[in-house]
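Have a look at the structure below, then the notes.
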Amino acid sequence: MSSIPISLLDLEEHDACGLGAEDYQKKEGKWCAGCGDFGVLNAVKRLLAKHQIRPEKMAFISGIGCSSRFPHYVNAYGFHGIHGRALPIATGLKLARPDLDVFVVTGDGDCTSIGAGHWIHATRYNANMTVLLLDNNIYGLTKNQTSPTTPQGHPSNTSPRGSQLPALDPLQATLGVSNASFVAQTADWVPAHLYATIEAAYTHPGFSFVRVLQRCPKFTPDVFSANVKNPDLTELLVHEKGVNAPGLEKLFKATRVHDPKDLDGARTLAQRKDMLRLGVFFCDDSFPVYDEVRAVPPVTPEEKIQRLEKEFDRYAV
Amino acid sequence: LDRPTGNSVTINEVSEHTLEIITDSGEGAQKCAQIFGQTCAKMGNGVWTVEIIPAEIEPPHHTVTSTSGNIIRFGTHKITNWGDQSKLAIAFNDQVCLSRHRLGSFKDNCIILQESAWENHDDPNIRKMYAEAMQEMSSKNYRFIQVPIEEETLKIVDNPQLGKNMFALGLLAEIYQRDLAIIEKQIAHMFKKKPAKVTELNIELVKSGIAWARANLDFRFHVETIPPTDVRVVMNGNQAAALGAIAAGMEMCAMYPITPATSVSHELASIIENYGGIVHQAEDEIAAAGVALGASYGGKVALTVTSGPGMALKTEFLGLAIMTEIPLVVLDVQRGGPSTGLPTKVEQSDLLSAIYGQHGDAPRVVIAPRSIEECFHAMVTARRIAETFRCVVIVLTDANLATGVQQFTKPEFDVRWQQAPIDFSPVPEGLRPYDWDPQTGLSRRFVPGTPGGAHTVTGLAHDQFSNVSYHPESNELGCKMRSRKLAVFQSTLEPPEIHGDPEGDMLVVGWGSTQGAIEEAVDRARAGGLRVSTCQLTFMSPLEPGLKKIFSRFRKVMTVEINYSDTLGDPYITEETRRYGQLAWMLRAHTLVDVDCWTSCPGQPLRPNDIYNSIIAKSESGAPK
């Protein structure tokens, strides 16, 4: 597949744990050639190297689908769970272990269909984790079924005459949830933007939701071909508090200054279908973060016993 | 204590008594019963109380659907179940009384102290309802006594709704010769956060009830008390399970509201943060299991609490926990099913789904506490098994244990009941995430944070490196190792104790909450000369060892369960079509013994008398070889 040729950023590498980007690759990704998941894996490896995260200090949680194989390929703790349910596992893990960096990798079927309930509520919990929605507009692993984000009219094995309904827009949905604190969109064919967006998400304290627009080389190779071929059809959201990758503004003629704190503006932009927009739609780090608001001081086993003795006094006869 | 004097009063010496307080919801029956029960317990009686809960929160008053209240059974000795029918009742109106009558709750000759305001009420509709109710109840030989509960209460407080319960408590205090000093103390404790005036008024109401009873009632019941020598606590099974979770060191309870399990999380929510933990109310049952599993993956053995419909939803996550060998404790407070079924009522019908309700082979441990005290200890046991064997442990209680209140000896807590610190020591070179001991299937769990242990757990079939593997041998080995752990755990168990002789004509086998009622029924049958014994199982998966040998010493083996089974002789029901009670199915398959069953699913705990009758009937029907 074609892709806009932008070299990845030169990244400074710290020597805190001495691991380079390639050291974070546990094994070869087994996706189809040309799958956007490879690009996301590359960006994530570079992020981990840049921030020198020790493999044991992070966990990648996923559900089921092509993208959910992601944790198997990263040198980190991983949890490849069940379809649609990565977010509850990630929430439980973060509550139990706020010391860990938690990443969730999910697909459009996994997140916006079978896991849609969890998606809304995890957004509202706003636990500190980075959520990557690898959205290729189709079910790939089960071989070409319509997903909620499949474009209207696009044929698949379950809608041979084309998807009947307008696609669900994950940005609009996420921006509609109370306490949503970080919502961004990027694309697999713009690696520099992809990397910078994932990094912005990672550094945001709270639930950082990144929709990565992707093409499935088998079933949706052309869904974004117009944008891939003609960068003028894509508008870059720029702001000092947004995603900033050098060189991008040269490539994309259409740029828009958008303050990520402007929720109304973000919702309006997400709703407009005149152009594809990449960037941080919304970011506000002042919202309550679930793992912080639910944090309680640790209690030793001995103290617990002492308190339990008193607790039972309430029930003494 | 002041004893009533005079020839007009009969004092009946009884070893135990069952009574109920029945009111419209919101009239404070629970408070009255709670204080009465605590007073009995403090004086040294055995007590079991059961709540009568309407299905709706605020049903229309003075109707048969608004009945709220408590049944209290107390006696000289330990009380293990709600017993048979009630022998005395205080009813705040004729309709709630009628609802209990229709359920067959009152024994013939039951004494019913009834509010006198309705018989000659100004409203002709109320008079009519009253007359019709009394007519319907005249089929039984109840002794009705009219008591001006509201009138007497109004002499002390302006709003009788907030005082009748304490007047009723006074009636009971006099009828059963309860220690007023203890009652006063309990009232003071109950209202300690309210102004002192509230306590004073309540005590005044109790005294007025006592005075009315002294002046007007010609009977008393005397239940001998033996003052306790140990420190006791009194609570219901859900409170006991919640405190057990705390004692087990659990720091995460993820749940979604569901009757009758929710009050476990109420108890936990009010205290768990003092113990370094939280209750997470998830968006649904599935997420509750997922959050618990995620926390457990992170090293905190977590709990999720639910009931039947929630179990159904959590099923896929349980399979994931089993496949990834992440410890998880699930408390299933059983209610009537299928579907929404009987949300507030008891049934023991989740046994087979708890053990087998999964696609694929998914071995898990299932334990069923037999008493309220065991609800506490079961949580400690469950946490420990889950952690030791990297497995799912399901604790099956039920609505009977959840809402029944009983006293038991205060446990002596042990810090070792809590989770052992997580082993974060670096993983030695070469050790694999599923380095199963070929004998036991046990392996060290690499909790995130452990250096050198980074790996990806997966619900897919996997090899010992946790790599996805579709290799035939690898899958066979995984199945074998996950199953082996159950056999290893079973090897640590003792055969069940037999209540009665170790051999005889019939062995009654029960499980979980029915222990008290079954043993009482069996004792009655033995007293009548029958060679009947019973054993009550608590480990359901794996089953306790030695069952076949135990069964071989009895001519007939029969389970008693609160679930559905077909009755031979019903249309189409033959030996070929007959569906058995759930434990009976299991025991037949497990032992190849022709185990019979007597089951019932009335939405109520079993009554000893009904079990006794089934023993008699099954004894007469002859024993299979």
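Order of the sequence lines sets the chain letters (A, B, ...), proteins ahead of strands, with each chain counted from 1. Atom set for the values below is all heavy atoms of this structure, side chains included, hydrogens, waters and symmetry mates excluded.
Although no hydrogens or angles enter the test, the distance criterion places a donor-acceptor pair under 3.5 Å between the side chain of B:Q358 and the main chain of B:T315. Using a distance-only test at 3.5 Å, with no hydrogens or angles considered, no donor-acceptor pair links the side chain of A:Y139 to the main chain of A:G65. Put simply, the side chain of B:Q406 gets close to the backbone of B:I79: a donor and an acceptor are under 3.5 Å apart. Side chain of A:E56 to main chain of B:A454: no donor-acceptor pair is present (N/O by atom type, distance under 3.5 Å, no hydrogens or angles). Checked by atom type and distance alone, the side chain of B:Q239 pairs as donor or acceptor with a backbone atom of B:N236 at under 3.5 Å.
Both the backbone and the side chain of B:F317 come within contact range of chain A, judged by heavy atoms closer than 4.5 Å. Of the two parts of B:A292, neither the backbone nor the side chain holds a non-hydrogen atom closer than 4.5 Å to a non-hydrogen atom of chain A. Only the side chain of A:L100 has a heavy atom closer than 4.5 Å to any heavy atom of chain B. When heavy atoms are compared at a cutoff of 4.5 Å, B:L460 approaches chain A solely by way of its side chain, counted from C-beta outward. Of the atoms belonging to B:T39, not a single heavy atom falls under 4.5 Å from chain A. Contact annotation for B:A287: both backbone and side-chain heavy atoms come within less than 4.5 Å of a heavy atom of chain A. Looking at A:D313, only its side chain comes within 4.5 Å of chain B, counting heavy atoms on both sides. Interface remark: B:E273 contributes backbone and side-chain atoms alike to the contact with chain A (heavy atom separation under 4.5 Å). In this structure, chain A has a heavy atom under 4.5 Å from the side chain of B:K410, while its backbone stays farther away. Using a 4.5 Å cut-off between heavy atoms, B:E267 touches chain A through its side chain atoms alone. Looking at B:N274, both its backbone and its side chain come within 4.5 Å of chain A, counting heavy atoms on both sides. Heavy-atom distances place both the backbone and the side chain of B:V234 under 4.5 Å from chain A. Both the backbone and the side chain of A:A316 come within less than 4.5 Å of a heavy atom in chain B.
Contact count versus chain A (heavy atoms, under 4.5 Å) is highest, among B:L243, B:V468, B:I246, B:L293, for B:L243. Across A:H83, A:R54, A:E309, the residue that shares the most heavy-atom pairs under 4.5 angstrom with chain B is A:E309. For chain A, the option among B:A41, B:G276, B:P448, B:A254 with the highest count of heavy-atom pairs below 4.5 Å is B:P448. Interface check for chain A: of the options B:E251, B:M323, B:M235, the most heavy-atom pairs under 4.5 Å are formed by B:M235. Here B:V279 is the residue among B:V279, B:D414, B:I272, B:T324 with the most heavy-atom pairs under 4.5 Å with chain A. Highest contact tally toward chain B, considering only A:E302, A:H121, A:K27, A:R294, is held by A:R294 [criterion: heavy-atom pairs under 4.5 Å]. Chain B forms more heavy-atom pairs under 4.5 Å with one residue of A:R85, A:R124, A:K94 than with any other, namely A:R85. Listed options B:Q419, B:K300, B:H280 were ranked by heavy-atom pairs under 4.5 angstrom with chain A; first place goes to B:H280. When the candidates A:T91, A:L95, A:T300 are compared by the number of heavy-atom contacts under 4.5 Å with chain B, A:L95 comes out ahead. Most heavy-atom pairs under 4.5 Å with chain A, from the set B:G298, B:A288, B:S296: that is B:G298.
Side chain to side chain, A:W31 and A:S67 fail the donor-acceptor criterion of an N or O pair below 3.5 Å. A donor atom on one side chain and an acceptor atom on the other are found under 3.5 Å apart for B:T304 and B:K314. Between the side chains of B:N45 and B:R178, a donor-acceptor pair is found at a separation under 3.5 Å. A donor atom on one side chain and an acceptor atom on the other are found under 3.5 Å apart for A:D108 and A:T149.
Between A:F70 and A:F60, the ring planes lie parallel to each other; the angle is under 30°, not in the 30° to 60° tilted range.
Between A:Y290 and A:F207, the ring center distance fails the sub-6.0 Å criterion.
You'll find the side chain of B:Y275 stays beyond 4.5 Å of the side chain of A:V296, heavy atoms only.
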Going through the distances and angles, do A:K57 and A:D101 end up as a salt bridge (Lys or Arg N to Asp or Glu O under 4.0 Å)? CA-CA 6 Å; A:K57 296 302 285 180; A:D101 281 331; over 6 Å; no
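Heavy-atom contacts from other residues, nucleotides or ligands closer than 6.0 Å to CZ of A:R314 number more than 12.
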